[in-house]
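Every chain is numbered from 1, with letters handed out A, B, ... down the list of sequences.
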2 protein chains.
Amino acid sequence: MDAPNVSTCVITPEREALVRDILGRIADKWTLLVIDALEGEDAVRFSALRQRVGGVSQKMLTKTLRQLERDGLVARHVHPVVPPRVEYRLTALGESLGAAVCSIWVWAGDNIASVEEARRTYDGGMPGK
Amino acid sequence: MDAPNVSTCVITPEREALVRDILGRIADKWTLLVIDALEGEDAVRFSALRQRVGGVSQKMLTKTLRQLERDGLVARHVHPVVPPRVEYRLTALGESLGAAVCSIWVWAGDNIASVEEARRTYDGGMPGK
DNA sequence: CCGCATCCTGTCGGATACTG
DNA sequence: CAGTATCCGACAGGATGCGG
């Protein structure tokens, strides 16, 4: 049973729940940054990844990577050497998500001015608070 | 030449911060659902919107709508009558975001099976927990 | 070097009661 | 009906220390 051609944005309750779940995950503050940091790279070590993302604690990076690994978006490869050497890379699935998310990036970049102006207008009209 | 100039998805530090901000907002559990509930409609009343989204508390719906209004994504129209009648509708900016977000929806719908299978595999390999 | 466990704090978000 | 205010539990997420 192949997925039918989804040219339009048709939302079913089932999908809504799943999308809600996935969306909640990709937006947990670090996931998208990690995906972005892995995009276009072959394999990135944990430390390098942490520097690349910037500002992420080791705890959250680990957690984020585990989730991504669980969802099949990132592959984790442990080199059995000492000191430990662990590398991460995007799977095909992960890259496809990165591509999909790219449209949001583009939208944001394209509409920064509009959003900021709307905020200024809104905040300006509410001086008291 | 440090970064290989990828054709479409070029990310600058400035944009990254902005996108981080916007992304954090569109993913705050309700925003996308609200946008989706408003998409294709002309004007929706508060109560109708609440039913349409489903499961959202009145507090969070109000908060979400205020943020969307502030960012210029949603227009709020108050009818000066009693009982109060407040209607919301997407602005052009809001609709454009909805269109951009659609690609994520499509991706999710298109990859539900892959993600779920990856999760089952991952969880299956970790029986203890 | 990588990752886990623990502690601690701020924020998110639901339930409820009240106002216009 | 629409919105605000308050209380409260749950959890995200940072800092630190240990272990392999």
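Note on A/L65: it clusters hydrophobically with A/V78, by side-chain heavy-atom contacts below 4.5 Å among ILVMFWY residues. Note on B/V86: it does not cluster hydrophobically with B/V81, by side-chain heavy-atom contacts below 4.5 Å among ILVMFWY residues.
When the P atom of C/dT11 is taken as reference, atom NZ of A/K29 falls 11 Å away, rounded to whole Å. We find that CE of A/M60 is positioned 13 Å from P of C/dC4, with the value rounded to whole Å. Atom CG in A/L49 sits about 10 Å away from atom P in C/dG3, given to the nearest Å.
With contacts defined as side-chain heavy-atom distances shorter than 4.5 Å, the pair A/Q58/A/L61 does not qualify.
Checked by atom type and distance alone, the side chain of A/D110 never pairs as donor or acceptor with a backbone atom of A/V106 at under 3.5 Å. Under the 3.5 Å distance criterion, the side-chain polar atoms of B/R50 are matched with a main-chain donor or acceptor of B/V56. Distance alone, capped at 3.5 Å, is enough to place a donor-acceptor pair between the A/S103 side chain and the B/A100 backbone.
With values rounded to the nearest 0.5 angstrom, B/T64 atom OG1 is found 10.5 Å from B/L32 atom CG.
For DNA chain D, the neighbouring residues in residues 64-85 of chain B, judged by any heavy atom under 4.0 Å, are B/R66, B/R76, B/P83, B/P84.
More than 12 heavy atoms of other shown residues, nucleotides or ligands fall within 6.0 angstrom of atom CD in B/E41.
Note that the first and last nucleotides of DNA chain D, 5' to 3', having any atom under 4.0 angstrom from a heavy atom of chain A are D/dA12 to D/dG20.
Contact annotation: side chain of A/Q58 to base of C/dC4, donor-acceptor pair present below 3.5 Å.
Summary of the strand contacts: A/K63 and B/R45 both lie near DNA chain D, and taking for each the nucleotide with the nearest heavy atom, the more 5' one is attributed to B/R45.
Across all strands shown, B/K59 has heavy atoms under 4.0 Å from base atoms, whether or not it also approaches the sugar-phosphate.
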